[in-house]
There are 2 protein chains.
Amino acid sequence: MFIELDLQSETPIYAQLVDQLIEGIASGELKPGDPLPSVRRLAEDLGINLHTVNKSYNLLKQEGFLQVHRKKGVIVQPDGMPGVTEAFEEKLRQQLRSLAAAAAVRGMSEEAFTQESRSVYRNTITNRGGEQR
Amino acid sequence: MFIELDLQSETPIYAQLVDQLIEGIASGELKPGDPLPSVRRLAEDLGINLHTVNKSYNLLKQEGFLQVHRKKGVIVQPDGMPGVTEAFEEKLRQQLRSLAAAAAVRGMSEEAFTQESRSVYRNTITNRGGEQR
DNA sequence: TATCTGTTATATTACATGTATAACACATAT
DNA sequence: ATATGTGTTATACATGTAATATAACAGATA
C-alpha cells in the first residue's frame with residue numbers, strides 16, 4: 001500500500017491518510033479482512049506521530065470502514081461496507097455543487113465536467129498512482 | 001442574492017461565502033459588472049465581521065472573479081472570467097478522486113456517480129430555487 | 001465637511017492540528 | 001512469568017487558522 005503524504009499541503013495529514021486508505025479500498029488494493037499496520041508502525045513508516053494515525057483510524061472505524069480486533073488488530077471491514085446513506089448523498093451533492101460551480105464559471109462545459117467525473121471514477125477503482133493520458 | 005451561512009458548520013464562514021458567490025456567478029444571478037455590497041454592509045447583513053467578508057472578497061479578487069474599482073466598489077469581473085487552468089484541473093481531479101473513492105466504496109456505480117455529477121452541474125447553472133432574472 | 005469605500009494594523013479569543021510522554025488493559029510469544 | 005506489541009486514553013505543549021473587535025488611513029463622493 002503506497003501512501004504519500006504532502007506535509008506542506010493545507011490538507012491535514014490525518015485527512016490525507018483517510019482519503020488514501022479509502023482510495024486503497026476502492027481500488028481493491030485493500031480487501032475486506034486485510035490487516036493494517038499498527039498505529040505505531042505506520043506512524044514510524046510515515047514519519048509522523050502515533051496520534052495522527054490513530055485519529056485517521058478512528059474516523060474510519062466510526063464510519064464503518066475499519067474494525068479493531070483485540071486479536072487481529074486493525075483490519076478492513078469484512079462484514080460489508082457502509083452503503084450510500086442519506087447523509088453521504090447530501091455531503092456528496094454539497095461538494096459536487098462547489099466543484100461544478102467553479103468549473104462552470106471557468107467555462108468548463110457540462111459534458112467536460114461529467115466526463116471528467118466519469119474518468120476519475122474509473123481511474124479510482126482500477127489503476128492507482130500511475131500517470132496516464 | 002441569497003446567502004445562507006451555517007455558523008455551526010465545520011466549513012469556515014469565509015469559505016462558505018466564497019462558494020456561494022461563485023455559485024451566484026455560475027447561475028447567472030450575478031453577472032459581470034454587477035456590484036457587490038461593501039464589506040461593512042454585507043458583514044452587517046450576515047451578522048458577521050467585516051474582516052471575514054474582506055477575506056472572501058480578497059480570495060475571489062486574487063483568483064480573478066472580482067475587481068475592486070475605486071469608483072464602483074467591488075464588482076463581478078467584467079473582462080472575462082479565468083479559464084480552466086492547469087492548477088484548477090489538478091485541484092478538480094484531486095477533489096473528484098476523493099469523492100469518487102468514497103462513492104465507489106459505498107457501492108455507488110460509475111453511472112450513478114456520473115449522473116449525479118451531471119445533475120448537480122445542471123442545477124448549478126440553471127435556476128436556483130425560484131429566482132427571476 | 002461629513003460620509004463611505006477598501007485596506008491595513010493590532011489585539012484577543014477559540015479551536016484545530018500535530019507532536020511528545022506516559023500510562024493502562026489486553027494479547028501474544030518466548 | 002517476562003517481555004513485547006496492541007489499541008486506547010490522558011495530559012501537555014507549540015503552532016497556525018478562524019473569527020471577532022477597534023482603530024486608523026487614503027481616496028472617492030455627496
Side-chain angles (χ1 to χ4, degrees), chain A residues 1 3-21 30 33-79 91 98, chain B residues 1 3-21 30 33-79 91 98:
Chain A
M1 177 74 193
I3 291 183
E4 281 185 21
L5 299 179
D6 178 4
L7 301 185
Q8 314 308 320
S9 169
E10 64 175 7
T11 308
I13 298 176
Y14 77 92
Q16 293 181 46
L17 189 48
V18 164
D19 273 359
Q20 295 195 29
L21 289 174
L30 290 175
D34 279 0
L36 290 184
S38 75
V39 291
R40 288 176 178 84
R41 182 75 152 73
L42 184 52
E44 176 131 13
D45 287 357
L46 297 176
I48 61 178
N49 189 273
L50 166 165
H51 293 97
T52 306
V53 175
N54 193 245
K55 182 168 184 175
S56 302
Y57 278 8
N58 273 324
L59 284 174
L60 289 167
K61 184 179 74 172
Q62 193 166 356
E63 292 194 37
F65 295 121
L66 297 183
Q67 272 190 7
V68 178
H69 268 66
R70 189 55 84 171
K71 310 191 62 168
K72 307 177 188 173
V74 177
I75 61 175
V76 178
Q77 179 63 258
D79 305 329
K91 196 182 114 190
S98 174
Chain B
M1 176 76 191
I3 292 184
E4 282 185 20
L5 299 180
D6 178 4
L7 301 186
Q8 312 310 317
S9 169
E10 65 176 6
T11 308
I13 299 177
Y14 79 91
Q16 294 182 44
L17 189 48
V18 164
D19 272 358
Q20 295 196 29
L21 289 174
L30 290 175
D34 279 0
L36 289 184
S38 75
V39 289
R40 289 175 178 84
R41 181 76 151 76
L42 184 52
E44 175 131 16
D45 287 356
L46 297 176
I48 61 178
N49 190 274
L50 166 165
H51 292 98
T52 306
V53 175
N54 193 245
K55 182 170 184 174
S56 302
Y57 278 7
N58 273 325
L59 284 173
L60 289 167
K61 182 178 74 174
Q62 193 166 355
E63 293 193 37
F65 295 121
L66 297 183
Q67 272 190 6
V68 178
H69 266 69
R70 190 53 86 172
K71 310 192 60 167
K72 306 177 187 174
V74 176
I75 61 174
V76 178
Q77 178 63 258
D79 304 329
K91 197 182 113 190
S98 173

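Sequence lines set the chain letters: A, B, ... in the order given, protein chains first and strands last, and positions in each chain run from 1. Not measured: the values here are computed from a predicted model.
- Atom CD in B:Q67 sits about 14 Å away from atom P in C:dG6, given to the nearest Å.
- In this structure a side-chain-to-backbone donor-acceptor pair under 3.5 Å is missing from A:T52 to A:Y14.
- Here C:dT19 presents its P atom at 12 Å from CG of A:L42, a figure rounded to the nearest Å.
- As rounded to whole Å, 12 Å separates atom P of C:dC4 from atom CD of B:E44.
- When the P atom of C:dG18 is taken as reference, atom CG of A:L46 falls 13 Å away, rounded to whole Å.
- A 4.0 Å heavy-atom criterion places the boundary nucleotides of DNA chain D facing chain B at D:dA18 to D:dT29, written 5' to 3'.
- Distance, A:L59 CG to C:dG18 P: 11 Å, rounded to whole Å.
- Remark: P of C:dG6 and CG of B:N58 are 11 Å apart, rounded to the nearest angstrom.
- Checking the phosphate oxygens (OP1, OP2) of C:dG18, no side-chain nitrogen or oxygen of A:K55 falls inside 4.0 Å.
- Here A:Y57 lies out of heavy-atom contact (under 4.0 Å) with every strand.
- Under the side-chain hydrogen bond (donor to acceptor under 3.5 Å, both in side chains) rule, A:Q77 has a single partner from A:E63, A:K61, A:Q67, which is A:Q67.
- No donor-acceptor contact under 3.5 Å links the side chain of B:H51 to the base of C:dT10.
- A distance-only check finds no donor-acceptor pair linking the side chain of A:Q16 to the backbone of A:L5 [under 3.5 Å].
- When heavy atoms are screened at a 4.0 angstrom cut-off, A:R41 is found touching no nucleic acid atom at all.
- One interatomic measurement links the two molecules: CG of B:N54 to P of C:dT10, which rounds to 16 Å at whole-angstrom precision.
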For B:R41 and B:D45: C-alpha separation, side-chain torsions, deciding distance, then whether side chain to side chain contact (heavy atoms under 4.5 Å, CB included) applies.
CA-CA 6 Å; B:R41 181 76 151 76; B:D45 287 356; 2.7 Å; yes
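- Nearest-nucleotide assignment on DNA chain C puts the 5′-proximal partner with A:A15, out of A:A15 and A:K71.
- Backbone-only contact: B:K61 has heavy atoms under 4.0 Å from sugar-phosphate atoms and none from a base.
- Whole-Å rounding puts the A:N49 CG to C:dT21 P distance at 9 Å.
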